[in-house]
There are 2 protein chains.
Amino acid sequence: METKQDIDVETAASILKLLGDKTRLTMVKIMAEHECCVCEFVALFEMSQPAISQHLRKLKDSGIVKESRKGQWIFYSLNPMHPYYSFVTTIISELPSQQYKLEELEVQGKRISCD
Amino acid sequence: METKQDIDVETAASILKLLGDKTRLTMVKIMAEHECCVCEFVALFEMSQPAISQHLRKLKDSGIVKESRKGQWIFYSLNPMHPYYSFVTTIISELPSQQYKLEELEVQGKRISCD
DNA sequence: TCATCTTATAAGTATATTCTTATATATGCA
DNA sequence: TGCATATATAAGAATATACTTATAAGATGA
């Protein structure tokens with residue numbers, strides 16, 4: 001009953017390389033828990049807005065992340081339609097929750113929410 | 001009853017970065033199935049012996065791989081004592097077996113075995 | 001429409017990565 | 001001891017990566 005798509009080593013390596021960066025890996029873990037907008041990431045990481053934007057573009061180009069505009073903000077989230085979504089989530093699920101980072105943002109009044 | 005050591009995002013990123021190379025990822029998958037000597041890797045990959053040696057050194061420096069000399073050969077294998085061994089095997093287990101590569105070597109008479 | 005806010009892109013730079021070739025080191029054996 | 005085999009290290013080159021600053025582009029709201 002195993003229907004999970006088998007990933008080839010080369011594709012796996014390219015995904016692992018993408019995740020093999022502290023900033024991107026943290027981003028992906030956060031996105032696995034909540035969608036998140038660019039300015040929140042900028043507030044979370046001590047890094048310029050273009051740097052954040054470039055990391056997000058790499059993730060989006062690979063397809064493991066998708067974007068959706070909501071008014072003036074663009075929210076990013078994990079893309080469950082990605083052919084190797086389960087490979088990504090298997091890895092991500094091993095990591096400790098980054099929820100506390102969003103809570104810190106909230107305390108600082110920097111959390112954007114459209115709910 | 002969960003005693004598995006929690007991995008921090010930064011450490012995870014450094015491991016993923018190591019695995020995020022097609023050659024190293026294939027090597028690690030092979031080593032998860034069998035220990036393997038340097039000359040076998042040289043035969044398996046279309047790459048110079050120093051290039052193979054340098055990849056193995058990165059893996060050894062990180063501790064996820066260990067070496068053991070057997071006569072004139074040095075065999076490399078996954079290191080089950082590594083603090084994040086289970087993180088590594090979780091990822092590796094998602095990949096298709098590379099057993100066939102060793103079988104190809106065998107056919108060519110290039111397989112080294114000390115058993 | 002204009003000003004503002006949010007995000008993306010461009011160009012440049014410093015550093016990291018992954019090879020290559022040349023050479024050194026370690027082991028086994030005649 | 002000396003040669004052959006196996007592996008590691010050194011040095012250098014080409015390319016990739018991850019930032020920076022400056023600027024452009026899209027959306028909102030007065």
Side-chain angles (χ1 to χ4, degrees), chain A residues 9-10 13-28 30-31 35-63 65-77 105 108-114, chain B residues 9-10 13-28 30-31 35-63 65-77 105 108-114:
Chain A
V9 176
E10 187 158 11
S14 72
I15 292 175
L16 295 173
K17 185 175 194 174
L18 256 181
L19 299 180
D21 173 274
K22 186 190 176 184
T23 303
R24 283 193 298 268
L25 187 60
T26 308
M27 285 173 153
V28 170
I30 289 174
M31 287 188 268
E35 65 176 8
C36 209
C37 88
V38 181
C39 58
E40 289 174 312
F41 285 126
V42 173
L44 276 175
F45 298 98
E46 287 175 356
M47 201 173 288
S48 70
Q49 175 269 319
I52 295 295
S53 188
Q54 284 156 16
H55 281 303
L56 287 170
R57 185 146 76 103
K58 287 198 172 188
L59 293 170
K60 203 188 72 178
D61 284 351
S62 78
V65 145
K66 63 185 172 61
E67 65 174 37
S68 72
R69 184 177 275 277
K70 295 189 182 175
Q72 51 188 324
W73 298 292
I74 298 178
F75 283 75
Y76 283 86
S77 56
L105 273 195
Q108 297 175 301
K110 291 180 181 167
R111 183 89 168 94
I112 310 287
S113 182
C114 294
Chain B
V9 176
E10 187 157 10
S14 72
I15 292 174
L16 295 173
K17 186 176 194 174
L18 256 180
L19 299 180
D21 174 274
K22 186 191 176 185
T23 303
R24 283 194 299 268
L25 186 60
T26 308
M27 285 173 153
V28 169
I30 288 173
M31 287 188 269
E35 66 177 7
C36 209
C37 87
V38 181
C39 58
E40 291 175 311
F41 285 126
V42 172
L44 277 176
F45 298 97
E46 286 175 357
M47 202 172 287
S48 69
Q49 174 269 318
I52 296 295
S53 188
Q54 284 156 16
H55 280 303
L56 287 169
R57 185 146 75 103
K58 287 197 175 191
L59 292 171
K60 203 187 71 177
D61 284 352
S62 79
V65 144
K66 63 185 173 59
E67 66 175 35
S68 72
R69 183 176 275 278
K70 295 190 181 177
Q72 51 189 321
W73 299 293
I74 297 178
F75 284 75
Y76 283 85
S77 56
L105 273 194
Q108 297 174 302
K110 290 180 181 168
R111 183 91 167 93
I112 309 288
S113 181
C114 294

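Note on naming: letters A, B, ... go to the chains in the order of the sequence lines (proteins, then strands), and numbering restarts at 1 for each one. Nothing here was measured: the structure is a model prediction, and the numbers come from that model.
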Checklist line | Charged N-O contact under 4.0 Å between B/Glu67 and B/Arg57 | finding: no
Check: Is the phosphate of D/dC19, meaning OP1 or OP2, less than 4.0 Å from a side-chain N or O of A/His55?
Finding: yes
Checklist line | Atom-pair distance (CD on A/Glu46; P on D/dC19), nearest Å | finding: 13 Å
Note to self: In whole Å, I'd like the distance from the CE atom of B/Met47 to the P atom of D/dT7.
What the structure shows: 17 Å
Notebook entry, point to check: Is the backbone of B/His55 close enough, under 3.5 Å, to the side chain of B/Arg24 for a donor and an acceptor to pair up by distance?
Noted result: no
Note to self: I need the CZ-P distance between A/Phe45 and D/dA18, as an integer number of Å.
What the structure shows: 14 Å
Next item on the list: Would you mind reporting whether A/Met27 and A/Phe45 have side-chain heavy atoms less than 4.5 Å apart?
Entry: yes
Note to self: Donor-acceptor check, side chain of A/Ser53 to backbone of A/Gln49, threshold 3.5 angstrom: yes or no?
What the structure shows: no
Check: With the sugar-phosphate defined as primed atoms, P, OP1 and OP2, and the base as all remaining atoms, what B/S/- string results for nucleotides 6-17 of chain C, 5' to 3', for protein heavy atoms under 4.0 Å?
Finding: SBBBBB-----S
Next item on the list: Examine distances only and state if a side-chain atom of A/Gln54 and a backbone atom of A/Ala51 form a donor-acceptor pair shorter than 3.5 Å.
Entry: no
Notebook entry, point to check: Below 4.5 Å, heavy atoms only, C-beta onward: do B/Tyr76 and B/Lys60 meet side chain to side chain?
Noted result: yes
Item checked: Separation of atom CG in A/Asp61 from atom P in D/dA18, rounded to whole Å -> 13 Å
Check: Atom CZ of A/Phe41 to atom P of D/dC19: distance rounded to whole Å?
Finding: 14 Å
